[in-house]
Amino acid sequence: MIFKHFIKNVKYGIRAVLVLLIILSGISYGADTPSGDADYNSYISELISKSKELKLADDPYWHIILHYKKNITGGFTSQVDDPAFFFAKKGKHNPEAELEETIRSFFRPRENVIMHPTEKFSARYAWLKEKLEIDTAKIPYDGDTWFSQFYKEINPSTVTLVFPSGFMNNPASMYGHTLLLVETEGGSRLIAKSLNYAAATDDALLPLFVYKGLLGLYKGYYSFLPYYQKIREYSDTEQRDLWEYEISMTPQQKEKMVRHVVEMENIYSDYYFIDENCSYNLLFLIEAARPETAITDYFWWGVEPIDTLRAAQDKKIVSRRIFRPSLYSKIQFFRSRLEKKEENFVLGYCRGEHELSDIDSLAENEEKKIIMCDLATDYLKFMAVKKDISEEDYRTRFMAVLTKRNSMGKYDPIKEIPEPVAPDESHESRRIAVETGHALEGVYSQMAYRQSCHELMDPDDGYNMNSQIVFGNIQGRYYYDDKRFVLQRLDIVDLVSLPPSDSFFFNPCYILNTGLIQNVADGEKETLAFHLKGNAGLSTLLAKKIQVYMFGGVKSYFNPEYKNNSDILAGGEAGILTILGPWKNHLFASAYHAEFGEKHTRWSAGLSERIKITNSVSVMSDYTYNKDYSFKWHEFSGKINFYF
Amino acid sequence: MKKSVVVLALCFTFVASNVFANNAGVGIGTVLLKGKQGKVMELVATCLNGLCGNGTFAITTGTLGYKEGAVIGVNIVDVYVAENMDSLANDIAKGDGEYLDTLAHLMKVDNKDAFKDKLHKNFNSIYTSKDVTSKDVVANINKVNS
């Protein structure tokens, strides 16, 4: 955090609008020298004894702003890990000692510190000042002198929780992210300050990243950016729709929040992907403003960003929800309003195959012409983001289309874009499935638990259509015939990315699956094997909700009992997915051949049906015909899924 | 301000060094086309993002390819226009939109509708050529608005 070369001061006029939040460099909140002069000692003792009388260290608000959570021994531990956040040596584990030392810190001299404790720990100071009725004449410095000036510049109006939805080419992004926007009164949302909480990572190696992330080896910090940059990042570059959830807050609540933001600036907490992550940490800011929601206690196992939206809805703090379509969604919307030949005209123009002049003869009316221009504008942007166009060509075509657009009316078709199902209305991530059916080894019943978050056949509402991301899925099966219990499968990761391609978009698809699974390897019976599958393919839409796909790749199974310890098959699969309201149909077929080790070819084909009953219940049934070695067998099953 | 306090208006600072280093402003498409990443890095970056990984770069090293750097006394309208060249051009061509509204707000115009209308009608004298820079655009907007 080297800020030395950052500006020292910015003109007031500028700051009034755009000061994000004040970022302080090389933080020091006063040296760790004995605090206060002798004159202050009696007042310090008075305040400390009063705080004990009032049991302030046990007050829930103290726990909120210091991020104290109950630990397993029954005491409290703060989730903040930065030593600079605590005044007491054992402050992380001792709310009472921390409170006492915080009071003492207020009496440190103002001189020679970048920020006085009463400035830096603004929420603590304001709260203690109120509870203890601190007389500002009796302390060396009142940090609120600074804060009130600062707050005038921030002057917050709307506070908004923003969720970028899943990125089409990457199912993992379904986990999303959340930001908190703070707008300035009378300002504009585009220049709102967007608060991020994120891990400071510099590892480009994904496995290392995941490993460190799970173990909390990264430091998480809050950061700030103007919202338009985030829009460009998510909406234009990554093609993710943004969902804005406005949080209702009174002026007092907003002030409390901003105070806590000041406190958290440049303070790190160890970052854990699963629970102490971006979304969870933003909730502390909301909770500091609205402690009655206890929103950080809402979660019992892991926090997915999408859960925070549900939590906010549940706590009834959302006053309005706004959909901001991505560049991709806009392009698809404009296309849906055009005829094929009009779409193709735009595509040809963007690719430099012909000029724009024929647009007048082609489009049947001005409305269509406007839509074509807007489509061209956005598609050119898309090409620029994908680097499919040179800067020279981009500029020429972009300017030409805008000049044309400028000659037409003010009709703005994008205002008519329909809002898709919002992410907070999707099914929940955890799933229990109760299943019964018939497989190679007879009739069985099965229980399955999935930690997170979405499967191909789960209801698609709120998710990208026909995508899958599963982390942690376990299936235990009981066979009635030989009264045997088996671990049927344990997925560590199971991803299916199925973005459709067409003349406008080329999107490769892939499947990635690893874990343990029962496999018929030696032509006799099923055995548990370590499983790794990787496929690449392509997909396209036949109609709006009918999608076909084809994949090729390798499935491999490893078990020491196998010949060569492994069973490696290469082959391919294809299928059609159809969605009609609550019903979804999946027809599929696959062929895989193992050439090394035990030679065999596995054929299978079948269909899978799903009906969504409610947001938390769906029913499915499957049928598969399988052929492998000398076996031919039918598998069928029915199951009920509960999402929670 | 207390001189010991280093105040950072981060919002617009990291925008800057690249954009203003050459003192000529930014062209159409520059920001969108900037920073080509390798496919692998792109994938990783997305995963990071999916797992909430990025963002802190904003504080420590600047973000989106902009290096940290000091911009003292930079006019906020200049920065905003540079950062939003394409979207703003689109809005002015249409005569309406969020990017245009925000410009009106930043320029503290009294009559927003008249301002938007004026810009819309003078699109060709604001975006004078395909190689127009953000500095020219700001100057042209001021001319049109005066």
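Here is how names work: the chains are called A, B, and so on, in the same order as the sequence lines, proteins then strands, and each is numbered from 1.
Ring centroid separation for the pair A/Tyr228 and B/Tyr80 comes in under the 6.0 Å cut-off.
In terms of heavy atoms, B/Ile92 sits closest to A/Asn406 at O-ND2, 3.8 Å. Contact detail for A/Tyr394 and B/Gly29: the closest heavy-atom pair is CE2-CA, 3.3 Å.
A/Ile231 touches chain B through its side chain: at least one heavy atom from C-beta onward sits under 4.5 Å away, while N, CA, C and O do not. Looking at B/Ser87, both its backbone and its side chain come within 4.5 Å of chain A, counting heavy atoms on both sides.
For the atom pair CG of B/Leu106 and OG of A/Ser188, the computed distance is 7.0 Å after rounding to the nearest 0.5 Å. For the atom pair CD of B/Glu98 and CZ of A/Arg189, the computed distance is 8.0 Å after rounding to the nearest 0.5 Å. Distance check, rounded to the nearest 0.5 Å: OH of B/Tyr99 to CG of A/Leu190 gives 5.0 Å.
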Hey, mind stepping through B/Lys94 and A/Lys410 against side chain to side chain contact (heavy atoms under 4.5 Å, CB included) and telling me if it holds?
-> CA-CA 6 Å; B/Lys94 285 194 292 187; A/Lys410 283 193 179 178; over 6 Å; no

With side chain to side chain contact (heavy atoms under 4.5 Å, CB included) as the test, would you mind laying out the steps for A/Arg395 and B/Thr30 before giving the verdict?
-> CA-CA 9 Å; A/Arg395 285 182 178 176; B/Thr30 309; 3.3 Å; yes

Tell me, with the steps shown, if B/Asp86 and A/Lys381 meet salt bridge (charged side-chain N to carboxylate O under 4.0 Å, His left out).
-> CA-CA 8 Å; B/Asp86 306 65; A/Lys381 275 174 138 182; over 6 Å; no

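Ionic pairing of B/Lys130 and A/Glu391 is not present here: no N-O contact between side-chain nitrogen and carboxylate oxygen is shorter than 4.0 angstrom.
Taking 4.5 Å as the limit, some side-chain heavy atom of B/Phe123 sits within range of a side-chain heavy atom of A/Leu402.
In terms of heavy-atom pairs under 4.5 angstrom with chain A, the leader among B/Asp131, B/Asp101, B/Asp96, B/Val132 is B/Asp131. Residue with the most contacts toward chain B among A/Asp236, A/Leu380, A/Leu179, A/Thr377: A/Thr377 (heavy-atom pairs, distance under 4.5 Å).
With hydrogens and angles ignored, the 3.5 Å screen pairs a side-chain donor or acceptor of A/Arg232 with a backbone N or O of B/Glu83.
Considering only residues two or more places apart in sequence or on other chains, B/Lys121 meets the salt bridge (Lys or Arg N to Asp or Glu O under 4.0 Å) condition with B/Asp117.
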